[in-house]
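One structure is given below, encoded as structure tokens.
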Amino acid sequence: AEKTLRALADDDCRESAVSAHLPDLVRSRDALDTRRREIASDPQRRPEAAALWQQVKEADRGIATAVAEWVVGMLRLLDVRYYDSRGALLPWCVALGGVEFYERVVAAARVDEEGVA
């Protein structure tokens, strides 16, 4: 999670990280934008290009929302250290399998959202 967050903070790496995580959304958005550019070159089809521009902006909002949710999830994952610092994991893991087991549990920890009732 830390490596991915660093990549997202880096202007040079952000686009490839987002494309790798959301390939379908990015591909769809890029296809819309390519089509919009082709149509915009014809002055008589500018209204059609304007409609496509709105679709591109909607796709951009969808990508931004998905990236925000992805980042929040990674930040929650990094919070495992906070919960661990309260003693929730360390004593149980050490008792069950030693320090090596504890380190594997923390490294492989996954935080999922609970369902809303």
Side-chain angles (χ1 to χ4, degrees):
E2 289 175 357
K3 181 180 175 183
T4 302
L5 288 170
R6 279 194 301 275
L8 290 170
D10 183 341
D11 291 339
D12 296 331
C13 300
R14 183 179 310 113
E15 188 175 330
S16 63
V18 171
S19 293
H21 185 69
L22 304 166
D24 295 338
L25 287 177
V26 171
R27 206 173 11 257
S28 173
R29 186 256 183 238
D30 290 347
L32 282 170
D33 193 44
T34 299
R35 186 164 174 242
R36 179 194 64 84
R37 289 174 189 270
E38 290 169 357
I39 290 172
S41 65
D42 180 357
Q44 293 179 344
R45 297 181 72 189
R46 291 261 166 94
E48 190 179 342
L52 280 171
W53 177 248
Q54 293 306 314
Q55 292 178 25
V56 169
K57 298 316 291 173
E58 184 63 32
D60 286 341
R61 283 189 288 276
I63 290 170
T65 299
V67 168
E69 291 170 356
W70 181 33
V71 167
V72 167
M74 286 185 286
L75 290 172
R76 287 182 180 151
L77 178 62
L78 293 174
D79 281 344
V80 167
R81 289 191 187 114
Y82 165 76
Y83 292 108
D84 182 41
S85 72
R86 299 181 68 194
L89 299 174
L90 180 64
W92 291 102
C93 288
V94 171
L96 290 170
V99 175
E100 295 83 16
F101 177 66
Y102 162 75
E103 289 171 354
R104 284 196 324 266
V105 167
V106 170
R110 189 177 94 197
V111 178
D112 293 323
E113 283 188 54
E114 291 184 17
V116 179

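By convention here, the first residue in the shown sequence is residue 1.
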| query | Just wondering, are more than 12 heavy atoms of other shown residues or ligands nearer than 6.0 Å to CD in Glu15? | reply | no

| query | Can you list every pair that meets ring-ring contact (aromatic ring centres under 6.0 Å, His included) and has a residue in residues 14-35, with sequence neighbours left out? | reply | His21-Trp70

| query | Quick one: ring-ring contact (aromatic ring centres under 6.0 Å, His included) pairs with a partner in residues 22-58, sequence neighbours left out? | reply | none

| Residues two or more places apart in sequence or in another chain: which of them pass side chain to side chain donor-acceptor pair (under 3.5 Å) with Glu58? |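 Side chain to side chain donor-acceptor pair (under 3.5 Å) list for Glu58, sorted by chain: Arg61.
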
| query | With sequence neighbours excluded, what pairs up with Glu38 under the side chain to side chain donor-acceptor pair (under 3.5 Å) test? | reply |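 Counting only residues at least two positions away or on another chain, Glu38 forms no side chain to side chain donor-acceptor pair (under 3.5 Å).
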
By salt bridge (charged side-chain N to carboxylate O under 4.0 Å, His left out), which residues pair with [X], not counting sequence neighbours?
{"X": "Arg36", "result": "Asp33"}
{"X": "Asp11", "result": "Arg14"}
{"X": "Arg46", "result": "none"}
{"X": "Arg27", "result": "Asp24"}

Under the side chain to side chain contact (heavy atoms under 4.5 Å, CB included) test, residues paired with [X] that sit two or more places apart:
{"X": "Asp30", "value": "Val26"}
{"X": "Ala66", "value": "Leu22, Leu25"}
{"X": "Val71", "value": "Leu5, Leu8, Val67, Met74, Leu75"}

| remark: Distance col, row Asp60:CG vs Arg29:CZ, nearest 0.5 angstrom, shows 4.0 Å

| remark: Nearest heavy-atom approach of Ile39 to Ala49 is CG2-N, 3.8 Å

| field | Qualifying salt bridge (charged side-chain N to carboxylate O under 4.0 Å, His left out) pairs with a residue from residues 88-107, counting only residues at least two apart or across chains | value | none

